[in-house]
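Everything numeric in this text was worked out from a predicted model, so none of it was measured. Below, read A as the first sequence line, B as the second, and so on, with proteins coming before strands; counting in each chain starts at 1.
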Amino acid sequence: MSFKVTFPDGNTKDFVAPVTIGEIADGISHKLAKIALGGMVNGKIKDLNTKVDQDAELKILTWDDDEGKTIFRHSSSHILAEAVQNLFPGTKFGIGPAIKDGFYYDFDSPHVFTEDDFEKIEKEMARLAQGKSVFEKSVISRAEALKYFEDLGEIYKVELINDLPEDAEITTYKQGDFLDLCAGPHLPSTEKIKAMKIMSIAGAYWRGSEKNKMLQRIYATSFPKKTQLDEYLNLLEEAKKRDHRKLGQELELFTMMEEGPGFPFFLPKGMILRNELENYWREIHTKAGYAEIKTPVMLNRCLWEQSGHWQNYKDNMYFTQIDDVDFAIKPMNCPGSILVYKNSLHSYRDLPIRMGELGLVHRHEKSGALHGLMRVRCFTQDDAHIFMLPEQIKDEIKGVISLIDEVYSLFGFEYHLELSTKPEKAMGSDDIWEMATTALREALDEENLAYQINEGDGAFYGPKIDFHLTDCLGRTWQCGTIQLDFLMPEKFDINYIGEDGEKHRPVMIHRVAFGSIERFIGILTEHFGGAFPTWLCPVQVRLMSITDKQLPYIEAICKKMQAKGIRAEVDARNEKIGYKIRESQTMKIPYSLVAGDKEMENETIALRRLGKGDLGAVNVDELIENIISEIKERKNP
RNA sequence: GCUACUGUGGCUCAGAUGGUAGAGCAGCUGAUUCGUAAUCAGCAGGUCAGCGGUUCGAUUCCGCUCAGUAGCUCCA
C-alpha cells in the first residue's frame, strides 16, 4: 500500500507503508537521516520511529528546528533523571522539560544538591549517553500507570496521572533502568547526545505554586557536538560582560547600597543619560499631544481605598502617618492623575486629554525578586493617562502603540507583545472586562500585530497590552504597557459634559513607553554593551595630547565643543597616550581625539572612534558639525 | 518570601586544618614629556558585612541578622 508524503518545500514523494519517519528521512538522503531528531507529522511533533502509513505532511526535524532541539533536550533531561536515580537513591521525580537553551529536571531528594555534585552527575550522564540506550515507548492503561508509580512512591507522577484528562493516552518512555511518565517525543537512543553540562541548581515550587513543596531543580544543557557546547559557554561569558550591573559600576552610571536594597543611586554620569532620555521623552510626548503633570509621592489613605489599591495592592505598598492620618506612598500614578482631571470641568470637545507624568513610584517587591535596575523598589514610570470618549478608544490605543514602537525602533530593540486578560483579583463586571479586552484585541488585530495571550495576567482594574524586551542573557522584561480602564472613572466618578449638556463617563488608558526609566536604562546598557549612542553618552568626547605642549590647543577645542553643547572633556594627566586611550576606550567614550605637534601645526585632530579604531587626522570644525548632527539625529552607533 | 550559594581595602581577587591579613588596578607624592588599550618609584588605605556563641585566642568553626547571585513565586 503506498501513500504520499508532502514536505515543507511543497515536494511530494510516495512511500510504501509501513515506514518510519527515520526511514523516510533516509529515503531522502543518508545525510539527513543522520541528523534527523524527530518529525512533524500534520503539525504534530513525533518520535523519529513513528510509523507513517497514510498521506501526510511531514517535516523532518533537525537541530536547526526549535522542535528538534526540544526533542533533543527533552531526551537529555531523561538522562539527567536516570543519572540522579542511579547516584541518589530515594529521589522522587517531578517533571523535566526542555526549555530555551537547555532543560531541567525537578527532584525531591533526601540529598541536597550542591555544585560539588555537578561533576559526578555529569560523569554519570556521559556514561549513560555513551551506553547508547534506546528510548522505548509504551502505551499503558491508567490503572497500570498508577500502580507502577504508586508502588515506587512517586507521588508527583501519581498526581500528574490523576490530573490527565479521562480520555488521554498514557505513555511511558524507558531508557536503561529509568522509566518515566512522558508524552514524548524522544530521540531513538541516547547516541546523538555528545555534550551535556549542568548549569545550575535552584529551588522551584512543585507545579509553580508557592503553596506547594519546593523541589530541587537542576538546570543543564546539551548539544550534538562538544564544540557547540563550548561555543554556547563562550557566548554566556561574553553576555556576562554586557550585564548592566557590571557596566553600571564600570561606567559609573548607578550604584546600589546596602542601606537601600532595591533603591538605586544614580551617579552623575548615569544622571546625564537619564536626563537625555527624559528630554527625548518630553519631546515626543509634546509632539503627540501630551501635557505633563507632577503629582505627590504620598497621598491620603482614603484615595487608595477609593481606587481599590488599599484592597488589592496593599502587600506591595509602603505606608506612613501624618498627624495620625494614614498615608500611602504611591505605587502607581493613576489616582493622582485622576485628581488632576477632576480639578476642572471637561467638555467632550476637550477629549481626549493626554496627561503624562514622570512619576516616582515605590513598590515593596520581595527581596529575592530584586535585580539590578531591572527590578527595583522605587522607579520612575514614564506614565500617562488618557481620558477619552468611548468612540476614541481604538484610535488612542493605536496611537500609543505607534508611539511606543517609535521609541523602541529608535534604539533598534526587538520586542514581543502580550495581551493580558482578567485576573482572579479583579474589580468590575465580566461585561466591562469583555468590552475592554475586545477593544485591545481589535486594535492589535487591525494593526496586524502578532501577540500572545496571557490569561489572567491583567491589572486588577483592566486588561493590558505588554511590550517585552530582552536582556543580555535572553531573559525578557516587560517595559511598555497599555492598560484600558473603565473602572477607575467609575470609582472616582469622573465625567465630561457631552453634546447634550449632560454628564458622561470617560474611558481611561494607563500607559508607559519606557516602562520604568530605571529598567529601560538597564535594557539599554545591555543592548549597547555600554557603548551608547552618542546623544546618550555621559562623556561624548575625550581630548588628549601627546605632551603638555599641546594642552592649550586641545583645551581650546574642548571649550569650543562645550560651547556647542557637546559633552567634551580634556584628559590632562601626565600619562602616555596609550594609557589615556585605553581608559577612553574602556569608558566607552565614542570620540577620542588626540593632538600632537602634527595636528597642532595643521589645526586638525586625530580621531579615534569607539569600535572603529584610529581614523587619522580630521578638520576640527567639520568634526564638530558631524558630532552635532549625530547627536541631533540620535543616531545609533 | 522560598531553595542553594556568596560576602576580605574604591574595584578585581589571594590567603591560613583557628595564632588579629596580602597582590594588582584605582588614589596620593615624586620622577618621566613620551604618538593610539596600562612608564617607573615611593606612600597611604582593611575592627576580613554585622551581632552573638565555642575557644587561652576567630576574619577562619557554629548560630542568627543584613546584603548580593542564580532560579522559583510575584511584577514595570
Original post:
Which dot-bracket notation, 5' to 3', represents the base pairing of RNA chain B when pairs are defined as Watson-Crick or G-U with both distances under 3.5 Å, crossing pairs as [ ], and inter-strand pairs as |?
Top reply: (((((((..((((.....[..)))).(((((.......))))).....(((((..]....))))))))))))....
Subject >> Members of residues 544-552 of chain A that approach RNA chain B, where some heavy atom sits under 4.0 Å away >> reply: A/Ile546, A/Thr547, A/Asp548
Subject >> Interatomic distance, A/Lys580 NZ vs B/U36 P [rounded to whole Å] >> reply: 13 Å
**OP:** Rounded off to whole Å, could you give me the CD-to-C1' distance for the A/Glu115 and B/U3 pair?
**Re:** 14 Å
**OP:** May I have the distance from A/Lys246 (atom NZ) to B/G10 (atom P), rounded to whole angstrom?
**Re:** 19 Å
Can you give me the N/O atom pairs linking the protein to nucleotides 25-31 of chain B at distances under 3.5 Å, or say none if there are none?
| residue | atom | partner | partner atom | Å |
| --- | --- | --- | --- | --- |
| B/A26 | OP1 | A/Tyr579 | OH | 2.7 |

Subject >> For A/Ile201, all residues meeting side chain to side chain contact (heavy atoms under 4.5 Å, CB included), sequence neighbours excluded >> reply: A/Phe113, A/Phe118, A/Ile218
**OP:** Please list all pairs passing the side chain to side chain donor-acceptor pair (under 3.5 Å) test where one or both residues lie in residues 549-558 of chain A, with sequence neighbours left out.
**Re:** A/Thr547-A/Gln550, A/Lys549-A/Asp597, A/Gln550-A/Asp597
Original post:
Among residues 402-418 of chain A, which contact RNA chain B at a heavy-atom distance under 4.0 Å?
Top reply: none
Residues 248-261 of chain A side chain polar contacts: donor-acceptor under 3.5 Å, at least two apart:
| residue | atom | partner | partner atom | Å |
| --- | --- | --- | --- | --- |
| A/Glu250 | OE2 | A/Lys246 | NZ | 3.0 |
| A/Glu252 | OE1 | A/Lys269 | NZ | 3.4 |

**OP:** Please identify each residue that fulfils salt bridge (charged side-chain N to carboxylate O under 4.0 Å, His left out) with A/Lys580, with sequence neighbours left out.
**Re:** none
Original post:
Can you find a side-chain donor-acceptor pair between A/Glu455 and A/Thr421 that sits under 3.5 Å?
Top reply: yes
**OP:** Name all pairs fulfilling the salt bridge (Lys or Arg N to Asp or Glu O under 4.0 Å) condition that reach into residues 359-375 of chain A, sequence neighbours left out, sorted by first residue then second.
**Re:** A/Glu210-A/Lys366, A/Glu365-A/Arg375
Original post:
Tell me: CG of A/Asp117 to C1' of B/C5, nearest whole Å?
Top reply: 13 Å
Original post:
Tell me, which of residues 597-609 of chain A have any heavy atom that sits under 4.0 Å from an atom in RNA chain B?
Top reply: A/Asp597, A/Lys598, A/Glu599, A/Ala606, A/Arg608
What's touching nucleotides 11-16 of chain B from the protein side, N or O pairs under 3.5 Å?
| residue | atom | partner | partner atom | Å |
| --- | --- | --- | --- | --- |
| B/C11 | O3' | A/Gln249 | OE1 | 3.4 |

**OP:** Scan nucleotides 66-76 of chain B nucleotide by nucleotide, 5' to 3', and note B when protein non-hydrogen atoms come under 4.0 Å of the base, S if they reach only the sugar-phosphate, - if neither.
**Re:** SSSSSBBBBBB
Original post:
Starting at CG of A/Leu610 and ending at C1' of B/A37, how long is that distance when rounded to a whole Å?
Top reply: 12 Å
Original post:
Quick one: A/Ile554 CD1 to B/G35 C1', roughly how many Å, whole number?
Top reply: 13 Å
